[in-house]
Amino acid sequence: MLTFLATNANQLILATEELGEINDGGLLASLAWLIPVVPMVAAFAIVFFGRRLPHKGWELAMGAMGFVGLYGILLAFATMNGEITYEGAISMGEFGPIVLEWGWMVDGLSSMMYFVVGVVGSLVFIYAKSYMAGDIRFTWFFASFSLFAGGMLVLVAAPNLIQLIVGWELVGVASYLLIGHYWEDHDNSSAAIKAFLVNKVADVGLFLGVIIIGTTAGTFRFSEILAQVAAGENDLLKKFAFLGGLALFIAAMGKSAQFPLHVWLPDAMAGPTPVSALMHAATMVTAGVYLLGRTFPLYFVEGYAVDVRPIIMIVGALTLFLTGLIALVQTDLKKVLAYSTLSQLGYMVAAMGAGAYTAALFHLFTHAFFKGLLFLAAGSVIHSVHSNEMTDMGGLRKYMPTTYKTFVIGSLALAGIFPLAGFWSKDEILVAFGKASGGAANFALYLGIAGAFITALYMSRAVYLTFFGEFKGHGTPHESPKMITVPLVVLAGFSLVAGLINMPGFTSWFTELTAVRFTVMGDYHPKAINFGMAAAGLSAALLGILIGYVLWSKDAETQAARDKFRIPLLYPLLERKYYIDDLYMDGIVRPLRGPVARAVDWFNGHVIDLFVNGAGALAKFVGKYVYRFDQSGLDSAIIASAAATGAGGSVLRLLQSGRVQQYAVMIFAGTVVLVAGFIIF
C-alpha cells in the first residue's frame with residue numbers, strides 16, 4: 001500500500017531569526033511531483049512512439065521541457081513573493097529502520113534549480129531540433145536528452161539521500177548515452193566510458209557518505225538530518241560527520257569535475273553540442289554544487305563537518321586556477337569552454353567551502369545562462385564551418401554577426417565585466433573569500449583574482465581566433481538558422497541582466513529565492529558593494545582582455561602562427577594537462593589492461609565459467625530425466641484420465657435421451673428409492 005506523506009513547512013526551517021512570510025505553496029507545490037515525472041515519461045514515450053510522430057519525438061521532449069520551464073518560472077516567482085517550504089513523499093516500503101520514499105521538495109534551492117533546468121533546457125531543446133536535423137539517431141537522441149534532464153530533476157526534487165542517489169545515477173547513465181551518441185567513433189565511445197568510470201570512482205564517496213550520514217542520523221531525509229544538525233543534539237552524527245561530509249564532497253568532486261577528478265569533462269565534448277550546453281549550464285556538473293548546497297549546514301555548524309571546509313576551499317581554488325590555465329592552450333573551441341566550466345565550478349565549490357551559500361548558488365545561476373550561451377554559440381560556429389578547431393576559423397564576425405555578438409556578450413559575462421551577470425556573481429564570491437578567515441580562504445582569494453585574469457585572457461584568445469582576422473577554413477561560412485540564433489539572443493539577454501537580481505545594497509531577489517534560512521549558520525551576503533574587491537576582480541579581467549588583444553588580435557597566415565601563447569616549460573606542461581591523464585593511463589588503466597585484466601579473464605574462464613557450465617550440464621542432465629518422466633509418467637496419467645473421462649461420458653450420454661416422460665419416470669423412481677431408504681435406515 002502506498003502512503004502519501006506531507007511534511008509541515010515549519011519542520012524545514014533551520015534558523016531562529018525573523019523569517020517573514022512562510023507557506024507550503026498550496027496546489028502549486030503539492031503538484032510539483034510532475035516536474036521530474038513529465039520528462040521521464042516523455043523519454044519512454046519517445047522510445048516507443050517517437051518515430052511515428054511528425055517531428056520524430058522532438059515535440060514530446062520539447063513539450064516536457066516547456067512544461068518544466070513554465071512550472072519553474074511560476075515556482076520561482078511564488079517563492080520570491082513568500083518563502084515556500086514543502087515536502088511531499090510516497091512511502092514505497094520499509095526495511096527495518098530504513099523507509100524508502102519517492103518524493104519532491106519545493107523550497108528556495110530546488111525552485112531555483114527547477115527554473116534553471118527548465119528555462120535553459122527549453123532553449124537548448126529548441127536549438128537542438130535544428131542542430132540535430134538529419135541525424136540518423138535523432139529520435140534516440142531526444143529520448144536520451146529527456147532522460148538526462150529528467151534525471152537531474154529527480155535529483156533536485158529528492159527530499160532524501162536515497163532518491164538523490166537514484167537521480168545522481170540516472171544523470172550518469174544518460175550522460176554516458178549522450179557523450180557516446182556517435183559511438184561509431186572510437187574516441188567518442190572512449191570518452192563516454194571515461195566519464196562513466198571516473199564518476200563511478202567518485203560515487204563510492206556518495207554511497208559511503210549516504211550510509212554514514214543516514215545511519216548515524218537514523219533517517220535519510222534532508223529535513224530531519226539538518227534539523228538534527230541545527231539542534232546539535234546527535235552525538236553519534238557529530239562523531240562521524242567529518243567522514244560523512246568528506247565522502248559526500250568526494251562525490252561532488254566527481255560530478256562537478258574538481259581537480260584531480262576533472263579529467264572526464266573535457267573529453268565529454270565528444271557528445272553533440274546541445275548535450276555540452278545543457279550538461280555544463282544546468283544539469284550534470286552542477287549536481288555536486290547542489291549536493292553541497294543541500295547539505296550546507298553539515299559543513300558549517302560547529303561540531304560537525306566544519307574541518308572539511310578548508311579541503312573544499314583548497315580543492316575549489318586549485319581547480320579554478322589550474323584548469324583555467326589549460327584553456328589557454330586548447331585549439332578545440334568547445335574544449336576551451338569545457339576547461340572554462342571546470343574553472344567556474346571551482347569558484348562555486350570554493351565559495352561553498354568559504355560558507356558563501358548564496359554566492360555559490362548565485363554564480364551557478366548566472367553561469368547557467370552565459371555558459372549555455374557560449375556553448376550554443378560555439379555549436380553555431382561549428383555548424384557553419386564543420387570543424388571544432390579554431391585553426392579552421394577566423395574572421396567569422398563578417399559571416400555570422402548574430403553568433404559573434406552573442407558570443408562576445410557571453411565571453412564578457414564569463415570574464416566578469418561590469419555590469420554583466422558574471423561580474424555580480426563572481427564579485428560576491430571574491431568578497432566571501434575576503435570575509436572568511438584562515439589560510440585556505442586567503443589562498444582561495446588570491447587564486448580567485450588570478451582566475452579572473454586567466455578567464456578574460458583565454459576568452460579573449462577564443463574571440464580573436466574565432467571571429468577576427470581572415471577566415472582560414474574551407475567553403476563559405478554562413479549564419480545559422482533562426483531556430484539556432486533565437487535561443488542565443490534570449491540567453492544573451494539573460495547574460496546581460498541576470499546579475500541585477502542580487503546587487504548588494506540594491507536588490508536581493510536571488511537571496512530571497514534561494515534562502516533556506518541558513519543565516520545563523522554562517523551564510524554571508526554583502527549588504528553593499530565592496531568597491532575594493534570589485535575593483536580588484538574587474539582590473540584583473542580588464543588586464544586579461546588587454547593582454548589578449550596584444551597577443552591575438554593581429555592576424556597571420558595561419559592560426560597556429562597567430563597563436564603566440566607559447567611560454568617555455570609552461571606551454572608543454574599545459575598541453576599535456578599536467579600529465580594527470582598520462583598518470584591515470586600509465587598508472588591505472590594500462591596495468592589493469594595487462595596482468596590484472598589477464599588474471600580476471602583467467603578467473604572468469606576457469607572458475608566462474610566452471611560453475612556456470614557445471615550448472616548448465618546439471619540442468620541438462622536433470623532436464624533429460626524430467627522430460628522422460630513427463631512423457632512416460634505424466635502424459636500417460638493424463639491420457640488415461642482423459643480416456644476414462646471419455647468412457648464415462650459415453651455411458652452417461654445414454655441417459656440423455658431427450659424424452660421428457662422418461663426423465664419424469666426416473667425422477668419419480670429416484671424419489672421412491674430415497675423415501676424407502678429414509679424409512680428403512
Side-chain angles (χ1 to χ4, degrees), residues 191 257 259 262-271 273 275-277 279-281 285 319-347 367 370-385 387-394 396-397 400 403-404 406-416 422 451-469 472-473 495 541 544-545 547-549 551-553 559-560 562-567 570-571 573-578 581:
F259 191 89
H262 66 285
V263 293
W264 67 270
L265 190 57
D267 289 5
M269 298 303 97
T273 297
V275 176
S276 305
M279 179 186 295
H280 288 245
V285 298
T319 302
L320 76 87
F321 181 74
L322 295 176
T323 58
L325 284 173
I326 299 177
L328 286 166
V329 303
Q330 298 301 306
T331 58
D332 184 321
L333 181 57
K334 284 175 65 177
K335 286 196 174 182
V336 173
L337 300 179
Y339 281 105
S340 165
T341 299
L342 291 171
S343 183
Q344 300 309 306
L345 287 168
Y347 275 103
H367 179 264
F370 53 72
K371 185 51 61 70
L373 165 61
L374 287 168
F375 266 108
L376 295 187
S380 176
V381 169
I382 294 165
H383 189 265
S384 177
V385 304
S387 174
N388 287 29
E389 296 294 319
M390 291 188 290
T391 52
D392 297 325
M393 299 175 189
L396 293 177
R397 64 192 176 115
M400 309 178 71
T403 300
Y404 161 67
T406 54
F407 191 92
V408 168
I409 290 172
S411 299
L412 293 174
L414 175 62
F453 165 77
I454 294 167
T455 302
L457 188 61
Y458 64 67
M459 287 313 299
S460 297
R461 174 176 175 266
V463 168
Y464 285 121
L465 293 183
T466 303
F467 294 101
F468 285 78
K472 308 295 193 301
S495 301
I545 292 174
I547 295 177
Y549 172 80
L551 289 176
W552 296 295
S553 63
Q559 298 287 61
R562 184 181 179 188
D563 193 359
K564 298 176 182 177
F565 185 79
R566 292 187 176 273
I567 301 171
L570 178 60
Y571 188 88
L573 181 65
L574 297 179
E575 201 170 33
R576 295 302 295 268
K577 296 170 279 190
Y578 308 114
D581 284 85

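Quick caveat, the model's predicted, so the values are computed rather than measured.
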Heavy-atom closest contact (Ala277 atom, Leu376 atom, distance): CB-CD2, 3.5 Å
Contact check, side chains of Pro266 and Leu342, non-hydrogen atoms, under 4.5 Å: yes
Residues which pass side-chain hydrogen bond (donor to acceptor under 3.5 Å, both in side chains) with Thr403, listed by chain and number, not counting sequence neighbours: Ser380, Glu479
CA sep, side-chain torsions, deciding dist, call: Thr455, Gln344, side chain to side chain contact (heavy atoms under 4.5 Å, CB included): CA-CA 9 Å; Thr455 302; Gln344 300 309 306; 3.6 Å; yes
Closest contact, heavy atoms only, Thr273 versus Gly379: CG2-CA, 3.5 Å
Close side-chain approach of Ile567 to Leu574, heavy-atom, < 4.5 Å: no
Residues in salt bridge (Lys or Arg N to Asp or Glu O under 4.0 Å) contact with Arg397, at least two apart in sequence or another chain: none
Worked check of side chain to side chain contact (heavy atoms under 4.5 Å, CB included) between Met279 and Val285: CA-CA 6 Å; Met279 179 186 295; Val285 298; 4.2 Å; yes
Nearest non-hydrogen partners of Phe375 and Ala338, listed with the distance: CZ-N, 3.9 Å
By side-chain hydrogen bond (donor to acceptor under 3.5 Å, both in side chains) - contacts of Lys577 (at least two apart): none
Flag, side chain of Ser340 to backbone of Val336, donor-acceptor distance under 3.5 Å: no
Residues that Tyr549 engages under side-chain hydrogen bond (donor to acceptor under 3.5 Å, both in side chains), provided they are two or more places apart: none
Those residues that, when tested against Asp563, pass side-chain contact (heavy atoms from CB on, under 4.5 Å) (two or more places apart): Arg461, Leu465, Trp552, Phe565
Minimum-distance pair of heavy atoms, taken over all atoms of Ala191 and Ala270: CB-CB, 4.0 Å
Minimum heavy-atom distance Gly271-Ser276, with the two atoms named: O-OG, 4.1 Å
Gap separating the OG atom of Ser495 from the CD1 atom of Ile409, nearest 0.5 angstrom: 7.5 Å
Would you list the atom pairs, donor with acceptor, under 3.5 Å between side chains in residues 322-331 and any protein atom, with sequence neighbours excluded?
unit_1: Thr323; atom_1: OG1; unit_2: Thr319; atom_2: O; d: 2.4
unit_1: Thr323; atom_1: OG1; unit_2: Ser343; atom_2: N; d: 3.3
unit_1: Thr331; atom_1: OG1; unit_2: Glu389; atom_2: OE1; d: 2.6

Nearest heavy-atom neighbours spanning Val463 and Ser411: CG2-OG, 3.6 Å
All ring pair (Phe, Tyr, Trp, His ring centres under 6.0 Å) counterparts of Phe453, not counting sequence neighbours: none
OG1-CG distance between Thr391 and Asp332, expressed to the nearest 0.5 angstrom: 9.5 Å
Results of ring pair (Phe, Tyr, Trp, His ring centres under 6.0 Å) for Phe407 - residues two or more places apart only: Phe467
Verdict with reasoning, Met459 to Leu374, per side chain to side chain contact (heavy atoms under 4.5 Å, CB included): CA-CA 10 Å; Met459 287 313 299; Leu374 287 168; 4.1 Å; yes
Counterpart residues, side-chain hydrogen bond (donor to acceptor under 3.5 Å, both in side chains), relative to Thr341 (two or more places apart): His280, Lys371
Interatomic distance, Trp264 atom CH2 to Asp581 atom CG [nearest 0.5 angstrom]: 13.5 Å
Distance in Å, Leu457 CG paired with Leu551 CG, rounded so as to fall on 0.5 Å steps: 6.5 Å
Non-neighbouring partners of Thr466 that pass side-chain contact (heavy atoms from CB on, under 4.5 Å), sequence neighbours left out: Leu333, Val381, Met390, Met393, Leu396
Ring pair (Phe, Tyr, Trp, His ring centres under 6.0 Å) partners for Phe259, two or more places apart: His262
